[in-house]
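Here is the structure we will look at, set down as structure tokens.
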Amino acid sequence: MNLKISGMQIFWLIFSMNLGMTLVMTLTSSLQAARQDAWISIIIAGCIALLIAVLVTQVARLAPGQSLIEYSPLILGKWLGKLVIMIYLVQWYTIIPIVLRQFTDLVNIMLLPETPKELIILLMVLLLTYATYVGGIEGIGRCSEFLGPIIMITVLLVLLANSNHIHWKNILPVYVDSGAKHIVQGSFAPASYLGHSVEYLMFASFLKQPRKGAPYAIWAVLFANLLVLLTTIMIIAILGVNLSPNMWYPFFEMTQKISLFGFIDNFDAIPVVIWMSSVFIKLAVYFFVVSYGTAQFLKIGNWKLLIWFIAPVMFAFALIPQNVTEATTNYLLRYWVPVALPVNMLGLPLLLLIVGKWRKLKP
Amino acid sequence: MKRKQRAADPFAAQIKALEPEHDQGVHEQLSDNEAAITGVFANCSDLVVRRLLIFGTIPAMIVYLDVLIDKQLWDDGFLEPLMQQEAIKDVSSSELYEVLQYRLSAIVQPSVVTGMKDIALRMVSGESVLFVESSARAFTFAVKDKLNRALEEPSTEAVIRGPRYGFIEKMDINLALIRHRLRTPRLKIEKVCAGSLSRTGIAIVYIEGIAEHSVVEEVKRRIAGIDMDSVLESGYIEELICDHPYSPFPVIQATQRPDMTTGSLIEGKVAVITDGSPMVLILPVTFWFGFQSAEDYYMKFMFATMLRWLRYLFAFFAMALPSIFIAITTFHQEMIPTSLTLSLAAAREVVPFPAIVEALIMEITFEALREAGIRLPRPVGQTISIVGALVIGQAAVQAGIISATIIIVVSITGISSFLIPNPGMSQAISIIRFPLMLLAATFGLYGLGIGLLAILVHLVNLRSFGVPYMNPVAPVSTSGLADTLIRAPWQLMRRRHKHSRD
């Protein structure tokens, strides 16, 4: 199997990965911190995410055609390079069960209140195993090319269908209520989720034209940022900041408010199903990155073998958190924001970039 | 293809096993030759052996299989002129051949053969063999019967606008139909044989310079790899040479329309024509090809675009409508408007089954009726299937076995599946409907979503002779989208869209 993806596929991959989870999982903490100024937080988050995208595309440019696992030891030396890889592996191995669990909780709450979690997780893990095993990054890329536009159109349609509920006064007053500290605080969670372009470090090596991937990745982050920003503004304007910070999934609460022509009511199940496909792409990418990365790291020739190990492990890990709070809030606020964002998304790419450039200058 | 080759030429082995001595040269004596031929064709009542004198004095013998000969042409065009040839003196056998060839221009494809095996092979394909006394060579000539039937409109691919005739079972005619529409020497026709007993002629047709050379080579390679006794229909070849025999989706298109085939050839595709089958295989094809009809290109582009979208929409319904119905009525009743919920509930009040059982009963019944409609004698077929469906449906609703709503759902699903122009695609979608229904019944819209994603994963990983199946949507190509999402007006489709390979 030749694993090659095109620039367009990079765009839709990063776009779908960033958009789905950010829309649903991070807005609450942003709204809690910055209240009606959460949209400013989103702008800051967007800038951080763009910075990450620029950083990682620059790093990927250092060694076109190679993945992080290959060039990290080359740039940083054997032991430090392996340490960096370990840090990333921790990130990848922990994100899958958490996203699986967050996803399952959402499906449980929104669609299937009585179905056991195990079954929901199992079905998704089976699908992921199938997608990764049969298609690898190539198949996932094509899926994203098909699903990405559908996700984008659905989000836009949801926003459009809600436009009759907008109360602009909910946005006011700007800034004075929250202040810079809270706004910046509110930007961390969305920034950490919009920063998923860091996986570009891994899949840049599968590009047909490794040097031309950067603009696609940056545009994808930009588009996802814009849609998240638009959604945040709509959520504040429609739901107001007294209600929305207390909701688990303000985006879907908003879709529940859609009421058109007297018969389109309670159609929130449809956006949930479409949103599922965005989560599917994100998880499939991580599944691939984990199995491929681990195989490269441990020098195992056939990366597909690892799927049979990773799939059951992820299934079991996803069952560990006791409740929604543990899965959603704890991981986000204890690991993802304080560790993954500064270290994995900003620090290490910067380190790789500086050392890499310095080594290139030095003959 | 996975089976091992039994012998270099299985047919040769069989001939040898039958009559070991007949892989030998032509005898000088006519009687020896006669004995050899009647030995091979023992118990073949259609074998004809005729002795005659040619050029006045030379004893000769003609053998052929009666049923394969065009008798009119044989008598008038060959036998009569042959008998009337003036006597020539002292002519050697090699000169005799020259003379025959020039004097009897009515003889089709004359050639000289020396081996008995060759003769036997030629005879079963309809050629006649002329033996001459004291010559170790024989002459063969083809006066084959062209078992024809009239060109008719293909019943499975009818159009409103467009040519009315379709391919028939005779390969020569089918090739002529294509040649008549593409008058260029760049149209190449390569003939090969498959099946050790049937020795079915297969023609690989493509346009030089437009068709991808690697695809042509790959087709030839895969056809050469076919190791079977008989190839009776193009369906054999389709299954044997396609990339994904275990996928429900057709990665090779079968059509009966010459205009469709010609259009595909111009797009750079390769056609495989099987002798004895009116269905011509087109490859490589993409998923979207299953939703295109040749007619799309004959009518106004706006209407054609509308039709395409109608097909995409109803193909989705044909696949997922029963499962959406099951999912919503079982798990997500809140999505249905209140008044409709009430009437649905009222209709289902008397029904003892859950929605999935209802839907399964009706879907299976519908598929059975459809199959019965094909098998029943033609005049009653349609009536029975319509009346059967109506009567059974009506009675079932009145008896309270199933609700009226499910009848509506199943009918729409059934009609939708007939909107898909390609029968293979229609079958694929009909099969997929059932697992989706089970998923929807157990996991609601979540299960349906997972099912659809799984189908998408399957589709994007299919390939048809190197071309990704979901091309040009995934991987995306703008020029291809103009002929997939819409049917762009001809003025805008300047450049020929070629399938990208990667």
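Since we're looking at a predicted model, the values are computed, not measured.
Counted within 6.0 Å of OH on B:Tyr312, heavy atoms from surrounding residues, nucleotides or ligands total more than 12; the atom is thus considered enclosed. Enclosure of atom CZ in A:Phe223 is not indicated, since only 12 or fewer non-hydrogen atoms of other residues, nucleotides or ligands lie within 6.0 angstrom. Atom CE of B:Met302 has 12 or fewer heavy atoms from other residues, nucleotides or ligands within 6.0 Å.
Within residues 113-122 of chain A, the residues having any heavy atom closer than 4.5 Å to a heavy atom of chain B are A:Thr115, A:Leu119, A:Ile120, listed by residue number.
If you tally non-hydrogen atom pairs under 4.5 Å between each of A:Val107, A:Ile270, A:Leu123 and chain B, the highest count goes to A:Leu123. Chain A forms more heavy-atom pairs under 4.5 Å with one residue of B:Leu448, B:Val473, B:Leu453, B:Leu459 than with any other, namely B:Leu453.
Only the side chain of B:Met470 comes within contact range of chain A, with at least one heavy atom under 4.5 Å from a heavy atom of that chain. The contact between A:Met124 and chain B is made by backbone and side chain atoms together, counting heavy-atom distances below 4.5 Å. For a residue to count as touching a neighbouring chain, one of its non-hydrogen atoms must lie under 4.5 Å from one of that chain's; by this rule A:Leu111 touches chain B with backbone and side chain alike.
Considering all non-hydrogen atoms of both residues, B:Asn461 and A:Gly139 come closest at OD1-CA, 3.6 Å.
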Just distance, no hydrogens or angles: give the donor-acceptor pairs under 3.5 Å from side chains in residues 7-22 of chain A, sequence neighbours left out.
{"from": "A:Gln9", "atom 1": "OE1", "to": "A:Ser6", "atom 2": "N", "distance (Å)": "2.9"}
{"from": "A:Gln9", "atom 1": "NE2", "to": "A:Glu145", "atom 2": "OE1", "distance (Å)": "3.0"}
{"from": "A:Ser16", "atom 1": "OG", "to": "A:Trp12", "atom 2": "O", "distance (Å)": "2.5"}
{"from": "A:Asn18", "atom 1": "ND2", "to": "A:Leu194", "atom 2": "O", "distance (Å)": "3.1"}
{"from": "A:Thr22", "atom 1": "OG1", "to": "A:Asn18", "atom 2": "O", "distance (Å)": "2.3"}

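Between A:Phe103 and B:Tyr446, the two ring planes are tilted [angle within 30° to 60°].
Checked options B:Ile450, B:Leu456, B:Val457; the residue passing with A:Phe280 is B:Val457 (criterion: side-chain contact (heavy atoms from CB on, under 4.5 Å)).
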